[in-house]
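Report on the following structure.
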Amino acid sequence: QVQLVESGGGLVQAGGSLRLSCAASGVIVSDNAMGWYRQPPGKQRDLVAIITRGGRTNVADSVKGRFTISRDNAKNTMYLQMNSLKPEDTAVYYCNVNRLKDTTNPYPGNSWGQGTQVTVSS
């Protein structure tokens, strides 16, 4: 059974940084493509960044140059380093196991964590 636990969110001023973590159990992070998604209030959930089994990464244009996705295989954990945060980055952030392992295209699986709230004040 796949379990994903997101953490690291919080309230930060514009220009600040946060690092989100996604601790996984029931799935090997390094053997899968894993993605970060976000859902602003009243909007749909969209892909932010993805890392494939082979380590290729892709990030959304809206966060390119500011967000970095990575993983720690020993800890079976994925991360999202978020720098130069903007108010429009405010959302609940979720991690997910991609249904396809070797693509940076989003094919979200059925297992979602509870999410972690990121709020960026202006």
Side-chain angles (χ1 to χ4, degrees):
Q1 181 179 357
V2 176
Q3 288 192 323
L4 304 169
V5 179
E6 302 94 341
S7 63
L11 174 63
V12 63
Q13 288 188 331
S17 298
L18 285 172
R19 188 176 81 153
L20 306 184
S21 299
C22 171
S25 59
V27 63
I28 298 173
V29 167
S30 61
D31 195 40
N32 287 274
M34 302 280 296
W36 282 100
Y37 293 76
R38 68 184 181 186
Q39 187 167 18
K43 296 185 178 181
Q44 67 181 23
R45 190 175 300 183
D46 289 324
L47 179 72
V48 176
I50 193 166
I51 182 167
T52 69
R53 174 171 53 177
R56 287 188 301 125
T57 63
N58 193 28
V59 297
D61 288 342
S62 59
V63 305
K64 199 159 289 185
R66 301 188 296 121
F67 291 13
T68 304
I69 188 171
S70 65
R71 67 188 179 211
D72 184 327
N73 296 344
K75 295 182 178 180
N76 208 38
T77 299
M78 180 179 64
Y79 301 98
L80 185 68
Q81 178 66 44
M82 306 188 295
N83 299 328
S84 302
L85 282 161
K86 303 176 180 180
E88 51 263 44
D89 296 319
T90 295
V92 179
Y93 285 71
Y94 301 89
C95 60
N96 184 269
V97 181
N98 216 38
R99 287 185 284 115
L100 300 183
K101 295 175 182 288
D102 297 312
T103 178
T104 56
N105 293 322
Y107 295 94
N110 294 326
S111 297
W112 297 92
Q114 82 289 349
T116 186
Q117 175 71 49
V118 172
T119 303
V120 184
S121 63
S122 57

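As a basis for the values below, the full set of heavy atoms in this structure was taken, side chains included, without hydrogen atoms, waters or symmetry mates.
- Aromatic rings of Trp112 and Tyr37 (six-membered ring for Trp) have centroids within the 6.0 Å cut-off, being under it.
- Side-chain contact between Ile51 and Met78 is present, with heavy atoms from C-beta onward closer than 4.5 Å.
- The closest side-chain heavy-atom distance from Arg66 to Asp89 is below 4.5 Å.
- Environment of CD1 in Ile28: sparse, with no more than 12 heavy atoms of neighbouring residues, nucleotides or ligands closer than 6.0 Å.
- When atom types are taken as modelled, the side chain of Glu6 and the backbone of Cys95 share a donor-acceptor pair closer than 3.5 angstrom.
- With contacts defined as side-chain heavy-atom distances shorter than 4.5 Å, the pair Tyr94/Gln39 qualifies.
- Within a 6.0 Å radius of NZ in Lys101, more than 12 heavy atoms belonging to other residues, nucleotides or ligands are found.
- Heavy-atom contacts from other residues, nucleotides or ligands closer than 6.0 Å to CG of Asn73 number more than 12.
- Minimum heavy-atom separation, Asn32 to Arg71: O-NH1, 4.0 Å.
- Across all non-hydrogen atoms, the minimal contact from Val29 to Thr77 is CG2-N, 4.1 Å.
- Contact detail for Ala33 and Leu100: the closest heavy-atom pair is CB-O, 3.3 Å.
- A salt bridge links Lys64 with Asp61: at least one charged nitrogen is closer than 4.0 Å to a carboxylate oxygen.
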Fill in: Residue pair Gln13, Leu85: steps toward the side chain to side chain contact (heavy atoms under 4.5 Å, CB included) verdict
CA-CA 8 Å; Gln13 288 188 331; Leu85 282 161; over 6 Å; no
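- Using modelled atom types and a 3.5 Å distance limit, the side chains of Ser17 and Asn83 yield a donor-acceptor pair.
- Between Val118 and Met82, the closest heavy-atom pair is CG2-CE, 3.8 Å.
- In terms of heavy atoms, Thr104 sits closest to Thr52 at CG2-CG2, 3.6 Å.
- Linking ILVMFWY residues whenever their side-chain heavy atoms come closer than 4.5 Å, directly or via other members, leaves Val92 and Ile69 in distinct clusters.
- Seen from the ring of Tyr107, Arg99 does not count as a face-on cation partner, given the 6.0 Å and 45° thresholds.
- Grouping the Ile, Leu, Val, Met, Phe, Trp and Tyr side chains by contacts below 4.5 angstrom, directly or via other members, places Met34 apart from Tyr79.
- Heavy-atom minimum distance, Leu4 versus Cys22: CD2-SG, 4.1 Å.
- Rounding to the nearest 0.5 Å places OG1 of Thr57 at 10.0 Å from CD1 of Ile50.
- Within the 3.5 Å criterion, the main-chain N or O of Asn105 finds a donor-acceptor partner in the side chain of Asn98.
- By the 6.0 Å contact criterion, CD on Gln114 is enclosed, its count of non-hydrogen atoms from other residues, nucleotides or ligands being greater than 12.
- Neither Leu20 nor Leu47 shares a network with the other; the hydrophobic side chains, linked directly or stepwise wherever heavy atoms of I, L, V, M, F, W or Y lie under 4.5 Å apart, form separate groups for each.
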